[in-house]
Protein chains: 2
Amino acid sequence: MRRTRFDDWPCPIARTTDLLGDWWTPLVLREAFSGRRRFDEFQRALGIPKAVLSARLDRLVDDGLMVTVEYQDNPVRHEYRLTPKGRAMWDVLAAMWRWGSDWAFDGEPPVILSDRETHQEVVPLVVDENSGAPLDPRRLRMRRNPRTDVSA
Amino acid sequence: MRRTRFDDWPCPIARTTDLLGDWWTPLVLREAFSGRRRFDEFQRALGIPKAVLSARLDRLVDDGLMVTVEYQDNPVRHEYRLTPKGRAMWDVLAAMWRWGSDWAFDGEPPVILSDRETHQEVVPLVVDENSGAPLDPRRLRMRRNPRTDVSA
DNA sequence: CGAGTAGGTTCGTTTGTTGAACTGACTCGC
DNA sequence: GCGAGTCAGTTCAACAAACGAACCTACTCG
């Protein structure tokens, strides 16, 4: 009777949900992207219960989004760093950023994302890599496998 | 001692997490995008416990991502439809799709997204709306407010 | 009249989350 | 060399959320 797992469902959204659906996980990743690496940095920045942070970091390491790197002996201490698999998750956070900015800040002052070097504002947008055009959800179909699946 | 809420944090990712972090919610939205509208359709397609589905749909309606539309009298029955705010969430699901496809289907047959009319494959990618370039998480800064905030 | 459909609610059990307290191995200042 | 502080956790009890089964209401169909 444990919580239903989605990590073996035949759908990329389901598998990503299984990971990001853990409470706090997207915020732990956000902090990692803003440069935090140590347990205490994450803990203080977020105010997350330590037991939960410990479980989340362990899972991110198990799933290959982060690795632990030893930065000190005596006592042994290690920090948590994003792997390429973890850094690839930035696009998902960016899309969440965009939606949140557009729809969840009604009237409040804007929070912006900018390029560290050019100082230009960055506005995330999801497009089709092939055509460069924004996506229209009403025109999309999800298919199991191009060869075997014929249904909707 | 209830679960920590993020919906009033001054960060768009946190606010979006507060919604999508509810277990099952991204999948309920996925089903809505694939055309499902009725309680039973969602329930059967996902195998979600009815009490949970009921809570999720109620929240999506409360938060303005869906609306109920009456489609029958005697007994009164209504269906759940996405609003523009709900449809805007497609970009987030698409980014999740991309990450899941790239990183969570090791060796398994690909699942694809295609245009209903042109039948061309669609590959979601997050870019900067202004420059059209993909995002580099290492070059980004998150700022509270362009006028008042000077820190990292 | 009984079975089926649609859209839920209720309930007891199991998992997950929370915050506080505790641990252990160090370092630093006095 | 002693107490305070740092860092990275673990343990615990209370509470919240998710689970699946059973139940409910209001119809329709045969």
Side-chain angles (χ1 to χ4, degrees), chain A residues 1-9 14 17-29 31-32 35-63 66-81, chain B residues 1-9 14 17-29 31-32 35-63 66-81:
Chain A
M1 238 210 256
R2 55 185 292 210
R3 192 168 66 173
T4 309
R5 301 259 61 140
F6 309 130
D7 56 354
D8 55 355
W9 284 28
T17 294
D18 193 82
L19 186 58
L20 294 189
D22 278 336
W23 206 243
W24 292 99
T25 290
L27 301 176
V28 170
L29 289 170
E31 291 304 316
R36 307 208 198 271
R37 294 178 169 180
R38 285 155 55 168
F39 191 90
D40 229 46
E41 288 184 299
F42 287 104
Q43 204 274 314
R44 272 201 285 264
L46 292 170
I48 180 176
K50 289 170 157 207
V52 176
L53 177 59
S54 184
R56 296 299 180 269
L57 289 171
D58 283 352
R59 173 150 194 217
L60 289 168
V61 170
D62 282 350
D63 286 8
M66 301 188 98
V67 281
T68 51
V69 177
E70 198 174 306
Y71 70 89
Q72 169 189 296
D73 255 0
N74 244 308
V76 181
R77 295 226 190 287
H78 50 269
E79 53 185 25
Y80 297 86
R81 292 197 202 168
Chain B
M1 237 207 256
R2 53 184 297 211
R3 192 169 65 173
T4 310
R5 300 259 61 141
F6 310 129
D7 55 355
D8 54 355
W9 286 27
T17 295
D18 195 81
L19 186 59
L20 293 188
D22 278 336
W23 207 243
W24 290 101
T25 291
L27 301 176
V28 170
L29 288 170
E31 291 305 316
R36 304 205 202 272
R37 295 178 167 182
R38 293 171 31 183
F39 191 91
D40 231 46
E41 289 183 300
F42 286 104
Q43 204 272 316
R44 271 201 284 266
L46 292 171
I48 180 176
K50 290 171 156 204
V52 176
L53 177 58
S54 185
R56 296 300 178 268
L57 290 171
D58 284 352
R59 173 151 195 216
L60 289 168
V61 169
D62 283 351
D63 286 7
M66 302 188 97
V67 280
T68 51
V69 177
E70 198 173 304
Y71 70 89
Q72 171 188 296
D73 256 359
N74 244 307
V76 182
R77 296 227 188 288
H78 49 270
E79 54 185 25
Y80 297 87
R81 291 197 204 170

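Chain naming here is simple, since letters A, B, ... match the order of the sequence lines and numbering starts at 1 in each. Both backbone and side-chain heavy atoms feed into the values below; hydrogens, waters and symmetry mates do not.
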By nearest-nucleotide position on DNA chain D, the 5'-leaning member of A:Leu57 and B:Trp23 is A:Leu57
Side-chain contact check for A:Arg77: nearest option of D:dT6, C:dG8, D:dA18 is D:dT6
Within the structure shown, what part of the strands sits under 4.0 Å from A:Ala55 by heavy-atom distance: base, sugar-phosphate, or nothing?
nothing
Look at B:Thr4 and C:dT17 and indicate whether a side-chain polar atom (N or O) is within less than 4.0 Å of OP1 or OP2.
no
Find the distance A:Leu46:CG to C:dG19:C1' and express it as a whole number of Å.
16 Å
Can any side-chain N or O of A:Glu41 pair as donor or acceptor with the backbone N or O of A:Arg37 at less than 3.5 Å?
yes
Sidechain-backbone polar pair: A:Trp9 side chain, A:Asp18 backbone, donor-acceptor under 3.5 Å
no
To the nearest Å, give me how far apart CG (A:Asn74) and P (D:dT6) are.
20 Å
Between C:dG8, D:dC7, D:dC19, which nucleotide has the shortest distance from any of its atoms to the side chain of A:Tyr71?
D:dC7
How long is the line joining CD of B:Gln43 and P of D:dC19, in whole Å?
12 Å
How many whole angstroms separate atom CZ of B:Arg2 from atom C1' of C:dG19?
16 Å
Give the ring-plane orientation class for B:Tyr80 versus B:Phe42, where under 30° counts as parallel, over 60° as perpendicular and anything between as tilted.
perpendicular
Of the listed nucleotides D:dC27, D:dA8, D:dC19, the one nearest the side chain of B:Pro75:
D:dC27
Please examine the side chains of B:Leu29 and B:Leu60, heavy atoms only from C-beta on, and report whether any two atoms are closer than 4.5 Å.
yes
Side-chain N or O of B:Trp24 closer than 4.0 Å to phosphate OP1/OP2 of D:dA17:
no
Atom CE of B:Met66 to atom P of C:dG7: distance rounded to whole Å?
13 Å
Using a cut-off of less than 4.0 Å, is there contact between a side-chain N or O of B:Arg38 and OP1 or OP2 of C:dG7?
yes
Against the side chain of A:Val52, the closest entry in C:dT18, C:dA21, C:dT9 is C:dT18
Separation of atom CD1 in B:Ile48 from atom C1' in D:dC19, rounded to whole Å
11 Å
Round to the nearest Å and state the distance from A:Glu70 atom CD to C:dC26 atom P.
13 Å
So, OP1 or OP2 of D:dC19: does either fall under 4.0 Å of a side-chain N or O from A:Arg3?
no
Considering just the side-chain nitrogens and oxygens of B:Tyr80, establish if one lies under 4.0 Å of OP1 or OP2 belonging to C:dA6.
no
OP1 or OP2 of D:dT10 less than 4.0 angstrom from a side-chain nitrogen or oxygen of A:Ser54, does that happen here?
yes
Between A:Arg56 and C:dT17, is there a contact of a side-chain N or O with OP1 or OP2 at under 4.0 Å?
yes
Which nucleotide in the set C:dT17, D:dT11, C:dG8 lies at the smallest distance from any side-chain heavy atom of A:Ala51?
D:dT11
Answer yes if the side chains of B:Tyr71 and B:Arg38 hold a donor-acceptor pair under 3.5 Å, and no otherwise.
yes
Can you tell me the distance, in whole Å, between the CG atom of B:Asp73 and the P atom of D:dT28?
11 Å
Find which nucleotide of DNA chain C each of A:Arg5 and A:Pro49 is nearest to by heavy atoms, and output the residue with the more 5' nucleotide.
A:Arg5
Has A:Gln72 got a side-chain atom pairing as donor or acceptor with A:His78's backbone, closer than 3.5 angstrom?
no
Respond yes when some side-chain nitrogen or oxygen of B:His78 is under 4.0 Å from OP1 or OP2 of C:dA6, and no when none is.
no
Between C:dT10, D:dT11, D:dA8, which one does the side chain of A:Phe39 approach most closely?
D:dA8
